[in-house]
Amino acid sequence: MDYYTLSFLFPLVLALAYAIINSYRRNSRLPPGPFPLPIIGNLLHLSDNPHQSLATLAKWYGPLMSLKFGTRTTVVVSSPDIAKDFFQTHDHSFSGRPIPDTVRVVDHDNYSLVWLPAGDQWRRLRKISKEYLFSVQRLDASEHIRQQKVRDLLDYVNQCCASGKVVNMGGIAFTTSLNALSNLMFSLDSAQYDSVSSQEFKDAVSALLEVGGKPNIADFFPILKPFDPQGLKRHSNVCIKKLLAIIDGIVDQRLQARSGSSVHDNVPSKNNDVLDLLLNINQKDESEISRDDITHLFLELFIAGIDTTSSTIEWAMVELIHRPHILEKARLEVTKVMENKKNIIQESDIARLPYLQAVIKETLRLHPPIPFLVPHQAIRDVEIQGYLVPKNAQILCNVWAMGRDPKIWLHPEKFMPERFLEGKTDYKGQSFELIPFGAGRRSCPGINIAHRMLHMMLGSLIREFDWKLEGNMRAQDMDMDEKFGLTLQRKLPLMVIPTKI
Ligand code: HEM
């Protein structure tokens, strides 16, 4: 074909594609949204921080918006009322998950509490984890574990004070969250604070979090799945296999110890931890929970529970260091409530710390660790506000945008915990303006552990230490840039110097 024919045909093909897509949008009654280009759709609208670019687009197209990412129809929700329509009124219809290609390795998608469709297998896992891990009764019984892990954290920071060492706030919160969970599950520490010792488990968790956070082109163009163009699936396969092998080894040791044939004398046979409880059920009735269910469930809880908790602590400290008067007010409250107590904060103290609670809420409003929630998927066609949300559409709920919407919050960009002191706004899934843990049947089952860990860690860190920025940097010059990934992190890690109070 010569140049002239090509230059005539090319605009014609583009115009035709434009007309087809436009008529498709008109006829399909999809929510409004930017015009999708042929093949790539609206992918060019996504920046490195897609929660920010979609928040800007929602200002034009409204809080119910549709876009096309490659072949995937995506509906973006950016207001509490519409979120309520999705996750309360039509909760069941939107309870599916679009499974990322990186999860489809070693059969993980068939065991995954996070990614399974909301059918029988998911209900069974959710019920078991609620009963043996997340119930108030189980959490009350395991408080001593979280107390011990927070004590370890404070001991480490004390050592840093003595040696003048700079502390990576996100890093120490990550180690504490990881050890709190791994002690709850199988009575073991899985990481050390210093980076010299071997950190096989911690490194594998971090690597998997990193792979999972990268956008995968194969998710937008399923035709590319067999080629895995970015190598993300191969990498995820390696990380998941490694983590499953470590957890499998721990289960093997425990089984040996339970049968009394252990060569590891230091492994107690009755820990009464989550692993023991799950093995008891497994030995009674394997159809209730299989060995594979157990290893995949542990893997999943580590991935879902650690980074979310540690990034919230890091952002809370960023905001408090940025505004010393708020830090001082929170510290005064904790000190007063803990008067005469040498111990670290008890979980029963949290109810008497309304300002600390408000600080955590305010942190989750401005810095929700999962800014779009975990993506949902429509399992049938649903009409919302007169628009059609088609079956299999991916639903992103932009809680980050909702947290910064001036129609909902006074001075939304300001960190003002006081806004939560009056009224009953909570993050448990009833106040749709603040749903960092989601709402409805797919909401976060770990919310109660997170709630307890966040208050104990933050309260203890501010009660015991004063914090200065590394290199005499002034608090008002602090960087607030974000880095989008599996969780929303601060772009630069918060490096701080503690002094004992
Ligand atoms: C799901 C947030 C801590 C386990 C979720 C979802 C969010 C979330 C937004 C998805 C909700 C939805 O799709 O509608 C958070 C935050 C945390 C946190 C902000 C801490 C600050 C934890 C912890 C655990 C955990 C500590 C467990 C130890 C899970 C699991 C799911 C989940 C298993 C999947 C639930 C399902 O799909 O049925 N979390 N989470 N999370 N979270 Fe959390």
Side-chain angles (χ1 to χ4, degrees), residues 51 77 83-84 86-88 91 94-99 103 109 111-119 121-130 132-135 138-139 142 145-146 149 170 173-174 176-185 205 274 296-316 360-361 363-377 394-400 402-403 427-429 432 434-458 486-489:
H51 57 295
V77 175
K84 194 169 178 180
F86 275 76
F87 305 122
Q88 192 175 77
D91 185 28
F94 296 115
S95 61
R97 296 277 197 216
I99 304 176
V103 174
D109 47 320
Y111 291 96
S112 164
L113 181 53
V114 178
W115 296 107
L116 274 166
Q121 162 86 334
W122 168 80
R123 253 187 299 280
R124 188 172 55 81
L125 289 175
R126 192 120 179 165
K127 183 167 167 266
I128 286 177
S129 43
K130 182 168 178 207
Y132 296 102
L133 220 120
F134 299 130
S135 69
R138 290 289 318 159
L139 286 182
S142 60
I145 294 175
R146 289 180 293 281
K149 292 305 116 190
F174 187 95
T176 311
S177 313
L178 173 53
N179 283 342
L181 278 186
S182 70
N183 274 278
L184 184 67
M185 292 182 204
V205 171
V274 179
H296 285 269
L297 181 63
F298 282 151
L299 167 80
E300 194 91 306
L301 297 174
F302 281 118
I303 299 304
I306 299 167
D307 227 21
T308 41
T309 310
S310 60
S311 77
T312 308
I313 293 291
E314 184 175 19
W315 276 115
I360 298 279
K361 283 180 191 167
T363 305
L364 289 166
R365 175 183 74 82
L366 278 172
H367 310 286
I370 314 187
F372 290 129
L373 305 181
V374 178
H376 286 238
Q377 182 164 290
Q394 161 176 258
I395 318 299
L396 302 180
C397 181
N398 196 344
V399 286
W400 183 91
M402 282 156 52
Y427 46 61
K428 304 233 160 120
F432 279 82
L434 186 72
I435 48 168
F437 294 91
R441 73 190 66 202
R442 292 294 319 221
S443 64
C444 178
I447 185 170
N448 290 333
I449 298 190
H451 175 79
R452 293 174 187 221
M453 279 302 291
L454 289 172
H455 290 88
M456 278 171 75
M457 267 202 265
L458 187 66
L486 211 58
T487 54
L488 190 60
Q489 302 284 334

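Start at 1 and go down the list; that is how both ligands and their atoms are numbered. Computed from a predicted structure; not experimentally measured.
Taking distance alone, with nitrogen or oxygen atoms compared against 3.5 Å, Trp122 approaches ligand 1 more closely than that limit.
Side-chain atoms of Thr487 and Gln489 form a donor-acceptor pair, as typed in the model, at a separation below 3.5 Å. The closest side-chain donor-acceptor pair between Arg146 and Ser142 falls under 3.5 angstrom.
Closest to atom 43 (Fe) of ligand 1 among all protein heavy atoms lies Cys444 SG, 2.3 Å. In terms of protein heavy-atom proximity, atom 17 (C) of ligand 1 is closest to Phe437 CE2, 3.3 Å. In this structure, atom 2 (C) of ligand 1 lies nearest to the protein heavy atom Pro436 O, 3.5 Å. For atom 31 (C) of ligand 1, the closest non-hydrogen atom of the protein is Pro445 CD, 3.5 Å. Looking only at heavy atoms of the protein, atom 11 (C) of ligand 1 is closest to Arg442 O, 3.3 Å. Nearest protein heavy-atom neighbour of atom 18 (C) of ligand 1: Thr308 OG1, 3.5 Å. Looking at atom 28 (C) of ligand 1, its nearest protein heavy atom turns out to be Leu181 CD2, 3.7 Å. Distance from atom 4 (C) of ligand 1 to its nearest protein heavy atom, with residue and atom name: Ala304 CB, 3.5 Å.
The closest approach between any non-hydrogen atom of Arg126 and ligand 1 is below 4.0 Å. At least one heavy atom of Arg97 sits closer than 4.0 Å to an atom of ligand 1. Not a single heavy atom of Trp115 sits under 4.0 Å from any atom of ligand 1.
Counting heavy atoms under 4.0 Å from ligand 1, residue Val114 touches it through both backbone and side chain. With a 4.0 Å cut-off on non-hydrogen atoms, Pro369 touches ligand 1 through its side chain and not its backbone. Residue contacts with ligand 1 for His376 involve side-chain atoms from C-beta outward but no N, CA, C or O (heavy atoms, distance under 4.0 Å). Of the heavy atoms in Leu133, none comes closer than 4.0 Å to ligand 1.
Just one residue in the list Phe86, Phe87, Phe94, Trp115 forms a ring pair (Phe, Tyr, Trp, His ring centres under 6.0 Å) with His376, and that residue is Phe87. Evaluated for a side chain to side chain contact (heavy atoms under 4.5 Å, CB included) with Val274, the options Leu181, Leu133, Leu297, Leu301 yield exactly one hit, Leu133.
Asn179 places no side-chain N or O within donor-acceptor distance of the main-chain N or O of Lys149, the cut-off being under 3.5 Å. In this structure, Arg365 contributes its side chain and Gly403 its backbone to a donor-acceptor pair below 3.5 Å. Checking side-chain atoms of Gln394 against main-chain N and O of Gln377 turns up no donor-acceptor pair under 3.5 Å.
Of all non-hydrogen atoms in Ile447 and Tyr427, the two that sit nearest each other are CD1-O, 3.5 Å.
Using a 30° and 60° split on the angle between ring planes, Phe372 and His51 fall in the perpendicular class, above 60°.
By the 6.0 Å contact criterion, NZ on Lys361 is enclosed, its count of non-hydrogen atoms from other residues, nucleotides or ligands being greater than 12.
Near Gly305, meaning under 4.0 Å from any of its heavy atoms, are these atoms of ligand 1: 22 (C), 23 (C), 24 (C), 26 (C).
Looking at Ile313 and Met453, their side chains never come closer than 4.5 Å, going by heavy atoms from C-beta outward.
Taking only non-hydrogen atoms, the option from Leu364, Thr312, Val374, Leu125 nearest to atom 6 (C) of ligand 1 is Val374.
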